[in-house]
Amino acid sequence: MKILFSPFSPYVRKCLVTAHELGLSDRITLLPSSANPVNRDPEIIPLNPLGKVPTFFADDGQVLYDSRVICEYLNDLAKGSLIPAAGSARWQTLTLQALGDGILDAALLARYEDAARPAERQWPQWRAAQLDKAETSLAHLDAHPGLLANRVDLGALAVGCALWYLDLRFADFDWRARHQPVADWYAAFSKRPSMAAAWSL
């Protein structure tokens, strides 16, 4: 199996963390990519018309995207338990994954405002509104500690990867100062071998 790789993509990281949890890391080869939100990589588009990473190549020739599909594929391949098969536990896990992915979506938009948009066209209120989505999401998790407690599933992994990305790109956001319950959870969860792992080409 292969995956188009970017060391700073939180969604690529989410796939690799999932693979690690499932014991599949050694079966996945990392491929270089030059995905960019403005200067799109023409090498990716024939494989994934969105031109984005992660793009994943299964051993049977299937090309899969995005991270939600890739992670579900890996869980199915390994006969894993990161996504409950049915019932309320399944929907809670998938909803928590959506929350983690939503934090990442918002953080990436804020990052693009900083790094991809010309300075004279930047919109500070837009950036602030995106980061406020992370703020309200973390406040929700603070208020409902049972959503994260004692679980290792795709929802928790998605939230963990979102917090990793906030630390990576938004040190000034300082989310721990306002969200102690989530900070306490992440301090323990981030020590898992999958979360502590690093990948490079």
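Just so you know, these numbers come straight off a predicted model, no measurement behind them.
- When all heavy atoms of Asp142 and Arg178 are compared, the closest pair comes out as OD2-O, 3.8 Å.
- A heavy-atom distance below 4.5 Å is not found between the side chains of Tyr165 and Ile103.
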Run Asp41 and Ile45 through side-chain contact (heavy atoms from CB on, under 4.5 Å) and show every step you take. CA-CA 7 Å; Asp41 184 349; Ile45 293 169; over 6 Å; no
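- By the 4.5 Å heavy-atom criterion applied to side chains, Arg111 and Gln130 are not counted as neighbours.
- For the pair Asp59 and Met1, the tightest heavy-atom approach, listed with the atom from each and the gap, is OD1-N, 2.7 Å.
- In this pair, His140 and His144 present their aromatic rings tilted. The plane angle is within the 30 to 60° band.
- Taking all atoms of both residues into account, the shortest heavy-atom contact from Ala58 to Tyr73 is CB-OH, 3.4 Å.
- For the pair Leu82 and Glu21, the minimum side-chain heavy-atom distance is below 4.5 Å.
- Between Ile70 and Tyr11, every side-chain heavy-atom pair lies at or beyond the 4.5 Å cut-off.
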Is there a side-chain hydrogen bond (donor to acceptor under 3.5 Å, both in side chains) between Ser67 and Lys14 once you walk through the steps? CA-CA 7 Å; Ser67 70; Lys14 178 183 157 195; 3.1 Å; yes
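- For the atom pair Gln122 CD and Asp114 CG, the distance stands at 6.0 Å (nearest 0.5 Å).
- Taking 4.0 Å as the cut-off between side-chain N and carboxylate O, Asp66 and Lys52 do not count as a salt-bridged pair.
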Candidate pair Asp105 and Lys133, rule salt bridge (charged side-chain N to carboxylate O under 4.0 Å, His left out), full reasoning: CA-CA 10 Å; Asp105 289 344; Lys133 295 175 186 177; over 6 Å; no
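- To the nearest 0.5 Å, the span separating CD on Gln97 from CG on Leu154 amounts to 4.0 Å.
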When you look at Val53 and Phe5, which way does the side-chain contact (heavy atoms from CB on, under 4.5 Å) test go after all the steps? CA-CA 7 Å; Val53 295; Phe5 176 75; over 6 Å; no
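- Counting all heavy atoms, side chain and backbone alike, Ala110 lies closest to Phe170 at CB-CZ, 3.8 Å.
- Cluster membership check: Val69 shares its hydrophobic cluster with Leu22, using side-chain heavy-atom separations under 4.5 Å among Ile, Leu, Val, Met, Phe, Trp and Tyr.
- Tracing side-chain contacts under 4.5 Å through hydrophobic residues (I, L, V, M, F, W, Y), one reaches Leu201 starting from Leu16; they form part of the same cluster.
- Partner of Trp199 under the side-chain contact (heavy atoms from CB on, under 4.5 Å) criterion, chosen from Ile3, Val12, Ile28, Val17: Val17.
- Between Phe57 and Leu47 the shortest side-chain heavy-atom distance falls below 4.5 Å.
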Dump the intermediate steps for side-chain contact (heavy atoms from CB on, under 4.5 Å) on Asn75 and Thr18, then the final yes or no. CA-CA 8 Å; Asn75 188 68; Thr18 297; 5.6 Å; no
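- Going from atom CG of Asp174 over to atom CG of Asp167 covers 9.5 Å, rounded to the nearest 0.5 Å.
- Leu131 is connected to Phe8 through a chain of hydrophobic side-chain contacts under 4.5 Å among Ile, Leu, Val, Met, Phe, Trp and Tyr, so both are in one cluster.
- You'll find the side chain of Arg169 stays beyond 4.5 Å of the side chain of Trp164, heavy atoms only.
- When all heavy atoms are compared, the tightest approach of Leu74 to Cys15 is CD1-O, 3.8 Å.
- Taking CG of Leu157 as the reference point, atom CZ of Arg151 lies at 10.0 Å (rounded to 0.5 Å).
- Within the model, atoms OG1 of Thr93 and CG of Asp153 stand 3.5 Å from one another, a figure rounded to the nearest 0.5 Å.
- No close placement of the Phe56 and Tyr65 rings is indicated, their centers lying 6.0 Å or farther apart.
- Rounding to the nearest 0.5 angstrom, the gap separating the CG atom in Leu30 from the CG atom in Leu4 is 10.0 Å.
- Annotation: side chain of Thr55 is in contact with side chain of Ile44 (closest heavy-atom distance under 4.5 Å).
- Between Phe189 and Met195 the shortest side-chain heavy-atom distance falls below 4.5 Å.
- A donor-acceptor pair under 3.5 Å is absent between the side-chain atoms of Glu113 and the main chain of Trp126, judged by distance alone.
- Heavy-atom minimum distance, Ala85 versus Arg90: O-CD, 3.5 Å.
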Working note: Glu135 + Trp175, criterion side-chain contact (heavy atoms from CB on, under 4.5 Å); need CA distance, chi angles, decisive distance, verdict. CA-CA 8 Å; Glu135 185 72 24; Trp175 61 269; 5.7 Å; no
